[in-house]
Amino acid sequence: MKWLKYDIVVVGGGHAGSEAANAAAQMGVNTLLVTQDIDSIARMSCNPAMGGVAKGQIVREIDALGGMSGIITDRSAIQYRMLNRSKGPAMWSPRAQCDRAMFSSEWKKHLEHIPNLSIWQDEVIEIIERNGRVSGVRTRMDIEIPANAVILTNGTFLNGRIFIGEVCLEGGRIGERPAKGLSDFFRSLGFEVARLKTGTPVRVDGRTIDFSKLVEQPGDDKPQGFSFLPTERRYVNQRSCFIAYTNEKTHDILRKGFDRSPMYRGIIKGRGPRYCPSIEDKIVRFSDKNRHQLFVEPEGKETVSFYLNGFSSSLPIEIQTEALHSIQGFENSRIIKPGYAIEYDFFPPTQLNYTLETKIVEGLYFAGQINGTTGYEEAACQGLVAGINAAAKLKGLEPLVLSREQAYIGVLIDDLVSKGVDEPYRMFTSRAEHRILLRQDNADERLTPISYGKYHLASEQRMRLVERKQENFSHLVELLSVLSVKPSEVNEKMSELGTSQLRQRSDLKSLLLRPEISMSQLAECSSDFSQAIESIPSDIREEVVESVEISIKYERYIEKEQEVARRVLKFENVIIPSDLNYHSIYAISYEAREKLSRQRPQTLGQASRISGVSPADISVLLAYCVTQKDCGRESR
């Protein structure tokens, strides 16, 4: 049976698929989303939260580009926290606890009302390819759907196998069948297919938890949403999360189950996420620690289900239960859903172009966990980029390829395509060498003009908001240099704030550079400046004030980072001598010296994309090259 031809078919309705379908359809191309279950669109199969360290920056970048993850998060949030506030602004990372059911239903509601988007419940079992180009898909119902482009976003469903002790089930998530057949089909086309592993912890009935024994973790007093759109901000009656700890008894119980663990018995072959290990991994790798922190997170406003973040496990249910009961506050707790490990197929992402189009089949795009990533945010941003690029190619527009100094999304895709993965990839601020330029507060200024100007995915409303912010930002920055105060006007306030008194008239900018003084305190020192702040429209005032404060206090760091970024771009194609002795450059890490010696990159750009060679290593190599006579020649 043949259907009408679509411009783009998106396979999979997870976070990557939802963003891909939204982007393609909003850009005006006729799009079909094929998913096994239309009622599980964008399901939060692991923890019910969005954002976190570096991930929060990605969600704000998705929003700035016109994606929906930030908006859906704000519509379903039950708690907001800005992480790393004690550190510099480059590290500030927004996080939201979400209502799991509401998050999925809001995504479904949104997708169902996009004019150019259709949804079909089925399973794609084959990609139709002719002469090296995609021409459609074939489904389990034996329906052939012609298409000009296909975006594959199968998540953990490709030959997914679930493990709970000795029990092994087929599935992409517990209770949901896997996608079978596609991996073998792609192998026949010449694609490399490998295996990875991830896991999820128990869900616990909150009525059986003694919260009085746990440490409460409330939301922020002034919650900050994800979307830059003021219309999406709303009042949230926040729910608290809690902190619990394992103990030596817990660890002893877990060790009892190692001989029944599919990981330690060698049944699971795929490598798991190093930065989010199972609880059994933790007690082996960190055997010197007598306890591990656990985060107890509500799964929604109405449900009694709580997610025990940090207690991921593939051990038998009885071991999970006994270990859980040894944790303070969980002595009488009841498990709703057991923890489990899942092993699945993925396609090493070195087989992709920077647009996420495959190198082997034209018009075929991969996005999400099938590229070896882990996390909703990493998947969503890949779906967004794949959706934009598939639509852009069909419309004759230039592709969207974000560089490392433009976005965390650019860092992620560059890492995947250039370095590949040997474990599930997770974004961290440390992966971004220009992270002070890639703050969560300026994502709209960095990316909305690109999305609006080239692809019209970001709306005109968003673009006007960015322009208003920039105008008010420039006005405040100018006032800081123009307005000044006399010692007699502010010295009493200086003493209150614990900073040195003025000896002569000083401009406001010099006062703001003092670490003890914030914008709000500065406004108390100058009525003219206070009035200028109050004149900013209330819907953008807080963001403008925060941006001005960051830009002034960290001006030298930002300028230095911008200069480094310019230098790195300038030297991207600098030739490295073929006979360079890396082992003589001791400032480069040992791992980098080993890999550089083995792979022998021709340019600094190639060297920067070798797994295990850090941004710090590249900076050292760059400094070395520009001081050597036989280095620094730009390749042609």
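The structure presented is a predicted model; accordingly, all values stated were derived computationally and were not measured.
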Is the shortest side-chain heavy-atom distance between [X] and [Y] below 4.5 Å?
{"X": "Leu508", "Y": "Ser484", "result": "no"}
{"X": "Met519", "Y": "Phe529", "result": "yes"}
{"X": "Arg503", "Y": "Pro487", "result": "no"}
{"X": "Ser240", "Y": "Gln217", "result": "no"}
{"X": "Thr355", "Y": "Val385", "result": "no"}
{"X": "Arg468", "Y": "Met463", "result": "no"}
{"X": "Leu465", "Y": "Lys469", "result": "no"}
{"X": "Tyr80", "Y": "Gln224", "result": "no"}

Would you name the heavy atoms of [X] and [Y] that are closest together and state the gap between them?
{"X": "Glu398", "Y": "Tyr455", "result": "O-OH, 3.0 Å"}
{"X": "Arg81", "Y": "Gly219", "result": "CG-CA, 4.0 Å"}
{"X": "Ala407", "Y": "Arg446", "result": "CA-NH1, 3.6 Å"}
{"X": "Val620", "Y": "Ala587", "result": "CG1-CB, 3.7 Å"}

When the ring planes of Phe103 and His15 are compared, do they come out parallel, tilted or perpendicular, using 30° and 60° as the limits?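 Plane angle between 30° and 60°, so tilted.
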Under 30°, 30 to 60°, or over 60°: which ring-plane class applies to Tyr554 and Tyr557, parallel, tilted or perpendicular?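 Rings of Tyr554 and Tyr557: tilted, 30 to 60°.
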Are any of the side-chain nitrogens in [X] or [Y] under 4.0 Å away from the carboxylate oxygens of its partner?
{"X": "Arg404", "Y": "Asp414", "answer": "yes"}
{"X": "Arg566", "Y": "Glu563", "answer": "yes"}
{"X": "Glu561", "Y": "Arg435", "answer": "no"}
{"X": "Glu546", "Y": "Arg85", "answer": "yes"}
{"X": "Lys109", "Y": "Glu106", "answer": "yes"}
{"X": "Lys509", "Y": "Glu555", "answer": "yes"}

Between the main-chain N or O of [Y] and the side-chain N or O of [X], is there a donor-acceptor pair closer than 3.5 Å?
{"X": "Ser227", "Y": "Gly225", "value": "no"}
{"X": "Arg541", "Y": "Glu534", "value": "yes"}
{"X": "Gln97", "Y": "Ile78", "value": "no"}
{"X": "Tyr376", "Y": "Asn47", "value": "yes"}
{"X": "Lys393", "Y": "Pro399", "value": "no"}
{"X": "Arg462", "Y": "Asp63", "value": "yes"}
{"X": "Ser547", "Y": "Glu543", "value": "yes"}

Nearest 0.5 Å, please: how far is [atom2] in [Y] from [atom1] in [X]?
{"X": "Cys625", "Y": "Ile585", "atom1": "SG", "atom2": "CD1", "value": "7.0 Å"}
{"X": "Lys493", "Y": "Cys525", "atom1": "NZ", "atom2": "SG", "value": "6.5 Å"}
{"X": "Leu352", "Y": "Gln382", "atom1": "CG", "atom2": "CD", "value": "8.5 Å"}
{"X": "Ile71", "Y": "Ser76", "atom1": "CD1", "atom2": "OG", "value": "12.0 Å"}
{"X": "Glu377", "Y": "Thr73", "atom1": "CD", "atom2": "OG1", "value": "8.0 Å"}
{"X": "Leu117", "Y": "His113", "atom1": "CG", "atom2": "NE2", "value": "12.0 Å"}

Sole candidate of Leu483, Ile533, Val490 that passes side-chain contact (heavy atoms from CB on, under 4.5 Å) when paired with Ser526: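 Answer to the side-chain contact (heavy atoms from CB on, under 4.5 Å) test with Ser526 among Leu483, Ile533, Val490: Leu483.
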Candidates Leu83, Thr429, Ile436 - the one meeting side-chain contact (heavy atoms from CB on, under 4.5 Å) with Met91: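 Of the listed options, the one satisfying the test is Thr429.
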Does the cation-pi check pass for Arg439 over Trp92, that is, NZ or CZ under 6.0 Å from the six-membered ring centre and within 45° of its axis?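 No cation-pi geometry.
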Could you tell me whether Arg60 sits above the aromatic face of Phe226, with NZ or CZ closer than 6.0 angstrom to the six-membered ring centre and within 45 degrees of the axis?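 No.
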Take Glu591 and Ser589 through the test side-chain hydrogen bond (donor to acceptor under 3.5 Å, both in side chains) and record every step on the way to the result. CA-CA 5 Å; Glu591 180 185 8; Ser589 70; 5.4 Å; no
Tell me yes or no: between the side chains of Arg426 and Thr374, is some donor less than 3.5 Å from an acceptor?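 Result is no, nothing qualifies.
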Ser530-Glu524 side chain donor-acceptor pair, cut-off 3.5 Å: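 The criterion, which ignores hydrogens and geometry beyond distance, is not satisfied for Glu524 and Ser530.
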Could you walk me through whether Glu19 and Ser69 pass side-chain hydrogen bond (donor to acceptor under 3.5 Å, both in side chains), step by step? CA-CA 8 Å; Glu19 285 288 3; Ser69 289; 2.6 Å; yes
